[in-house]
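Take a look at the structure below.
The chains referred to below are lettered A, B, ... by the order of the sequence lines, with proteins before strands, and numbering in each begins at 1.
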Number of protein chains: 2
Amino acid sequence: MSSCDLCVVRNRAICAALDSKELLALNAIGRTRSLQAGESLIWEGEDSVLVANVIDGVLKLSTNTEDGREQIVGVVYPSDFIGRPFGGTSGHGVIALTDAKVCVFSRGDFDAFARDHPALEHKLLERTLGELDRTRRWMLLLGRKSAGEKLASFLLELVERLSGAGCRPDTADPSRRIITLPFSRQQIADVLGLTIETVSRQFTRLKNEGVIDLPSRREVTILDHERLVAEAG
Amino acid sequence: MSSCDLCVVRNRAICAALDSKELLALNAIGRTRSLQAGESLIWEGEDSVLVANVIDGVLKLSTNTEDGREQIVGVVYPSDFIGRPFGGTSGHGVIALTDAKVCVFSRGDFDAFARDHPALEHKLLERTLGELDRTRRWMLLLGRKSAGEKLASFLLELVERLSGAGCRPDTADPSRRIITLPFSRQQIADVLGLTIETVSRQFTRLKNEGVIDLPSRREVTILDHERLVAEAG
DNA sequence: CGATCCATTGACTTGCTTCAACCAGAGTGG
DNA sequence: CCACTCTGGTTGAAGCAAGTCAATGGATCG
């Protein structure tokens with residue numbers, strides 16, 4: 001039995017395409033790695049020598065302009081795939097936002113394995129297509145939405161992905177309305193293409209209007225889901 | 001011999017993964033279709049019943065907010081793939097910017113064919129990964145760049161894609177510095193997340209600074225490629 | 001109990017948008 | 001052939017949303 005069989009994302013990650021024999025082979029070329037919050041897995045611009053599956057935690061994909069402005073171009077959650085198989089340098093760095101566990105492969109090994117397992121490539125394709133859709137939706141947000149709409153959209157997506165992706169929301173409350181942010185204010189700003197001050201002001205505005213509550217820096221309670229949807233534009 | 005053998009993008013589109021027997025089979029389920037500039041191929045939000053390859057012309061992928069703001073989330077050139085195989089509704093419309101010719105397939109047919117031809121799926125995966133990279137680079141532009149940087153970046157990408165993608169630039173000039181825009185000012189604004197006025201002002205600024213020239217509405221001459229790169233930030 | 005790190009808040013500035021007028025080229029018809 | 005209009009683009013002036021700069025607040029941790 002491979003350690004993959006015990007993997008919590010076994011049935012949600014691309015590995016779900018494999019039977020146990022194949023999984024054993026994949027297991028042989030991969031290894032798990034733990035990352036602390038803030039630690040880099042891949043640096044921007046290096047030729048990407050590894051790919052990975054997220055087992056636990058949240059990581060950001062980010063690019064920077066030469067003069068230091070940062071834009072977070074993606075956020076990955078458990079069962080998501082990281083990296084750029086089949087050639088090419090990764091245009092963005094990958095950094096853990098929370099403590100995280102990932103299952104890493106050398107890119108060469110993974111490429112070869114994938115070519116021999118069409119079912120795996122198919123899963124990867126589906127996942128990549130989905131990610132492309134999500135990314136394009138994000139472009140509408142970046143290009144055309146106001147600060148208020150951006151933050152509301154962000155919170156809604158976060159709720160969905162934190163629950164959907166299997167990181168159960170950390171509350172017993174039925175409507176899972178309280179979420180723990182894996183982001184600092186600065187990181188939220190970098191996702192939304194805003195400054196930290198603007199993010200902060202929008203947070204307090206939503207709070208004053210009774211749409212959300214802010215029990216602590218890293219927690220948000222959704223008080224009025226409907227209004228939040230309306231705010232998202 | 002299938003009509004695919006005569007196709008101008010035969011060796012650049014995903015079809016390059018197929019031998020002539022397979023190509024014949026693919027040919028049997030597809031058909032070419034001509035589009036006039038402005039014509040829609042896929043509407044936003046419909047469940048996407050077709051996929052396609054671009055043979056000739058330029059098309060935009062765009063989304064709208066409820067209140068009518070538009071954001072162009074992608075632009076496709078000859079040999080590019082259009083659509084969302086394997087389920088899911090397309091979150092964006094596909095509209096021809098120039099007169100165009102595409103090779104369309106019913107999504108169901110294409111899905112089935114793809115599953116039987118891993119080499120095709122592999123090509124599609126590579127293409128999708130590339131598109132995802134490009135889209136993420138665009139996010140940096142939308143989120144963090146100024147109007148001037150946006151326009152300069154836009155022109156540079158356009159030059160690259162118009163030549164690279166095989167639509168030879170329409171001039172005999174060696175350094176292919178003159179390009180014909182497949183976009184109106186409004187469409188450029190919708191790509192860059194700006195207003196038409198801001199785009200216009202940036203155009204005249206670049207012109208006044210001697211970086212470009214504007215022989216006509218739809219033409220741009222790159223006079224100083226280096227300065228343009230610098231302007232792109 | 002300071003020191004440090006984020007986040008919030010306020011005052012001011014600015015880059016982009018908005019609103020509105022004007023302009024140029026292409027097509028139409030008297 | 002010239003006025004007429006239509007469409008898309010440019011220019012100007014004014015307003016505003018978000019950015020910048022700077023001070024304050026509140027946790028957390030030696």
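To the nearest angstrom, P of dA17(D) lies 11 Å from CZ of R205(A). The distance between atom CG of L151(B) and atom P of dG9(D), rounded to the nearest whole Å, is 13 Å.
Distance alone, capped at 3.5 Å, places no donor-acceptor pair between the R33(A) side chain and the L41(A) backbone. Side chain of Q187(A) to main chain of S184(A): a donor-acceptor pair is present (N/O by atom type, distance under 3.5 Å, no hydrogens or angles).
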Q: With side chain to side chain contact (heavy atoms under 4.5 Å, CB included) as the test, would you mind laying out the steps for F81(B) and T128(B) before giving the verdict?
A: CA-CA 9 Å; F81(B) 182 83; T128(B) 307; 6.0 Å; no

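Few gaps surround CD on E46(A); more than 12 heavy atoms of other groups in view lie less than 6.0 Å from it.
Residues forming a ring-ring contact (aromatic ring centres under 6.0 Å, His included) with F203(B) (at least two apart in sequence, or on another chain): none.
Ion pairing of D190(A) with R144(B) is present here, as a side-chain N (NZ or NE/NH1/NH2) and a carboxylate O approach within less than 4.0 Å.
Rounded to 10 degrees, the angle between the two end axes of the helix from dC1(C)-dG30(D) to dG30(C)-dC1(D) is 20°, with five pairs used at each end.
Residues L132(B) and R136(B) form a side-chain contact, since some pair of their non-hydrogen atoms from C-beta on lies under 4.5 Å apart.
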Q. For every nucleotide of nucleotides 4-18 of chain C, 5' to 3': is a protein heavy atom under 4.0 Å from its base (B), only from its sugar-phosphate (S), or from neither (-)?
A. --BSBBBB----SBB

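The only option from V75(A), V191(A), V73(A) that meets the side-chain contact (heavy atoms from CB on, under 4.5 Å) definition with W138(A) turns out to be V191(A).
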